[in-house]
Engineer: 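Dropping a structure here in structure tokens format, bear with me for questions.
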Amino acid sequence: MLVVGLLALAATCSARPQGDVEILESEVDNIGIGGYKFSYKLSDGTTRTEEAVVNNAGTENESLSVRGSISWVAPDGQTYTINFVADENGFQPEGAHIPK
């Protein structure tokens, strides 16, 4: 559920009409078990990185900790960045444009 929420956030942040956008770089490390890692860079200035680790694997307290960031260029030319942690304490975004 947490990963679905993060993917929805990323889709919302980067869903803005802009001509053709090309993938400039893309890396994925995910064998389907344990954690995962991915990153990408797009021609419109959008970048995203995310890495997850499994904590307490195989126990009753197993959980996923995710860290990442996403940056994009807004229509006004300003670059915005959100750094985030998502773990047993919830989704914790940080960014200069996010009120504290």
Side-chain angles (χ1 to χ4, degrees):
M1 194 67 162
L2 178 61
V3 172
V4 172
L6 295 176
L7 292 175
L9 173 67
T12 301
C13 290
S14 28
R16 57 192 192 288
Q18 300 231 337
D20 294 328
V21 176
E22 296 180 29
I23 299 171
L24 302 177
E25 297 175 19
S26 177
E27 293 184 37
V28 176
D29 180 10
N30 183 355
I31 62 170
I33 57 172
Y36 65 86
K37 181 170 35 172
F38 72 85
S39 65
Y40 60 80
K41 181 177 182 179
L42 306 179
S43 61
D44 67 354
T46 300
T47 61
R48 172 113 188 254
T49 62
E50 185 171 309
E51 184 170 359
V53 295
V54 176
N55 299 315
N56 305 309
T59 71
E60 183 177 296
N61 297 320
E62 184 173 302
S63 65
L64 192 64
S65 293
V66 181
R67 292 185 178 277
S69 68
I70 183 166
S71 296
W72 69 97
V73 179
D76 65 2
Q78 175 84 21
T79 298
Y80 292 92
T81 300
I82 297 175
N83 297 305
F84 62 86
V85 173
D87 57 17
E88 65 275 0
N89 297 311
F91 181 67
Q92 304 150 58
E94 292 183 352
H97 62 287
I98 298 175
K100 295 189 180 214

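All heavy atoms count here, side chains included; hydrogens, waters and symmetry mates do not. What you see is a predicted model; the values in this text were computed from it and never measured.
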Engineer: Would you kindly confirm whether Tyr40 and Val21 end up in one hydrophobic cluster when ILVMFWY residues are joined by side chain heavy atoms under 4.5 Å apart?
Structural biologist: yes
Engineer: Would you indicate whether the side-chain heavy atoms of Trp72 and Arg48 approach each other to under 4.5 Å?
Structural biologist: no
Engineer: Pairing donors with acceptors under 3.5 angstrom, does anything connect the side chains of Asp44 and Thr46?
Structural biologist: yes
Engineer: Listed by chain and number, what are the side-chain hydrogen bond (donor to acceptor under 3.5 Å, both in side chains) partners of Ser65, not counting sequence neighbours?
Structural biologist: Asn55
Engineer: Sort out for me which residue in Val53, Asn30, Asp29, Val28 forms a side chain to side chain contact (heavy atoms under 4.5 Å, CB included) with Lys37.
Structural biologist: Asp29
Engineer: Looking at residues at least two apart in the chain, or sitting in another chain, which of them share a side-chain hydrogen bond (donor to acceptor under 3.5 Å, both in side chains) with Ser43?
Structural biologist: none
Engineer: Anything under 3.5 Å between a donor and an acceptor, one on a side chain of residues 89-100, the other on a protein residue two or more places apart or in another chain? List them.
Structural biologist:
residue: Gln92; atom: NE2; partner: Asp87; partner atom: OD1; Å: 2.9
residue: Gln92; atom: NE2; partner: Gly90; partner atom: O; Å: 3.1

Engineer: Please list, chain by chain and in numerical order, all residues satisfying side-chain hydrogen bond (donor to acceptor under 3.5 Å, both in side chains) with Ser63, sequence neighbours excluded.
Structural biologist: none
Engineer: Is the closest side-chain donor-acceptor distance between Ser39 and Thr49 under 3.5 Å?
Structural biologist: no
Engineer: More than 12 non-hydrogen atoms from neighbouring residues, nucleotides or ligands closer than 6.0 Å to CD on Glu27, yes or no?
Structural biologist: no
Engineer: Where do Val54 and Gly35 come nearest, in terms of heavy atoms and distance?
Structural biologist: CG2-N, 3.9 Å
Engineer: Does any non-hydrogen side-chain atom of Leu42 lie less than 4.5 Å from one of Ile23?
Structural biologist: yes
Engineer: Identify, with sequence neighbours excluded, every residue that meets side-chain hydrogen bond (donor to acceptor under 3.5 Å, both in side chains) alongside Ser26.
Structural biologist: none
Engineer: Under the rule for side chain to side chain contact (heavy atoms under 4.5 Å, CB included), what residues qualify as partners of Gln78, not counting sequence neighbours?
Structural biologist: Asp76, Tyr80
Engineer: Just jot down the side chain to side chain contact (heavy atoms under 4.5 Å, CB included) partners of Glu25, sequence neighbours excluded, or say none.
Structural biologist: Lys41
